[in-house]
Amino acid sequence: MSGMMNGSMMLGMILWIVFVVGVIILTIYVVTKVGKKTQRSNKQDTTNITGSGKQILDERYANGEITEREYRRKKMMIEEMDSK
């Protein structure tokens with residue numbers, strides 16, 4: 001009888017370890033996937049911000065809020081940010 005208890009306890013311990021390792025691997029996988037999605041969405045957000053920056057700059061120049069010199073300088077800064 002005691003031999004049977006030791007065998008089932010050993011099997012239960014092995015199954016518990018496999019379960020814990022599986023949960024850890026699943027957690028790492030989920031965190032990695034979420035991180036990649038976040039990075040992609042951040043890149044898209046940056047593109048939208050610089051695109052809207054150009055539009056705002058064009059509107060400010062068209063409305064006479066900034067001079068041509070300021071417009072050209074800021075436009076170059078935005079283009080440098082886009083190329084990075």
Side-chain angles (χ1 to χ4, degrees):
M1 185 94 163
S2 68
M4 201 170 172
M5 284 291 262
N6 288 338
S8 64
M9 286 177 57
M10 184 68 116
L11 180 62
M13 189 183 304
I14 291 171
L15 288 175
W16 180 251
I17 291 171
V18 168
F19 174 75
V20 170
V21 170
V23 168
I24 291 171
I25 291 172
L26 181 65
T27 303
I28 291 171
Y29 176 77
V30 169
V31 168
T32 305
K33 286 291 187 179
V34 169
K36 286 181 181 178
K37 287 182 181 179
T38 303
Q39 286 177 347
R40 274 190 242 130
S41 68
N42 285 343
K43 286 180 183 178
Q44 291 171 352
D45 290 345
T46 303
T47 304
N48 291 339
I49 290 171
T50 55
S52 66
K54 287 179 183 179
Q55 292 172 350
I56 293 170
L57 184 63
D58 290 341
E59 289 174 11
R60 289 186 65 200
Y61 179 64
N63 292 334
E65 296 175 22
I66 58 174
T67 65
E68 182 178 351
R69 182 177 177 193
E70 288 175 306
Y71 172 78
R72 290 181 188 272
R73 183 177 58 84
K74 291 178 182 188
K75 184 177 177 183
M76 286 177 59
M77 289 172 57
I78 290 172
E79 289 171 352
E80 286 177 12
M81 287 174 43
D82 283 344
S83 66
K84 289 183 181 179

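Values reported hereafter were calculated over all heavy atoms of this structure, with side chains retained and with hydrogens, waters and symmetry mates removed. The first residue in the sequence is number 1, and the count goes up from there.
For T27, the side chain to side chain donor-acceptor pair (under 3.5 Å) test picks out no residue, with sequence neighbours left out. For Y29, the ring-ring contact (aromatic ring centres under 6.0 Å, His included) test picks out no residue, with sequence neighbours left out.
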Result block: side-chain N/O donor-acceptor pairs under 3.5 angstrom for residues 56-63, not counting sequence neighbours:
residue	atom	partner	partner atom	Å
D58	OD1	Y71	OH	2.7
R60	NE	E65	OE1	3.3
N63	ND2	E59	O	3.2

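The distance from the CD atom of E70 to the NZ atom of K75 is 15.5 Å, given to the nearest 0.5 Å. Between K74 atom NZ and T67 atom OG1 the span is 8.5 Å, to the nearest 0.5 Å. Remark: I14 CD1 to M9 CE distance equals 12.0 Å, nearest 0.5 Å.
The hydrophobic cluster containing I25 also contains I17, counting ILVMFWY residues as joined when their side-chain heavy atoms lie under 4.5 angstrom apart, directly or transitively. In the hydrophobic clustering of this structure, F19 groups with I24; members are Ile, Leu, Val, Met, Phe, Trp, Tyr whose side-chain heavy atoms approach within less than 4.5 Å, directly or through other members. Each of V23 and V31 belongs to its own hydrophobic cluster when Ile, Leu, Val, Met, Phe, Trp and Tyr are linked at side-chain heavy-atom distances under 4.5 angstrom. Under a hydrophobic clustering in which Ile, Leu, Val, Met, Phe, Trp and Tyr are joined whenever their side-chain heavy atoms come within less than 4.5 Å, directly or via other members, W16 and M10 fall into different clusters.
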*asked:* Under the criterion side-chain contact (heavy atoms from CB on, under 4.5 Å), I'd like the reasoning laid out for M76 against R72: C-alpha separation, chi angles, the key distance, then a yes or no.
replied: CA-CA 6 Å; M76 286 177 59; R72 290 181 188 272; 5.6 Å; no

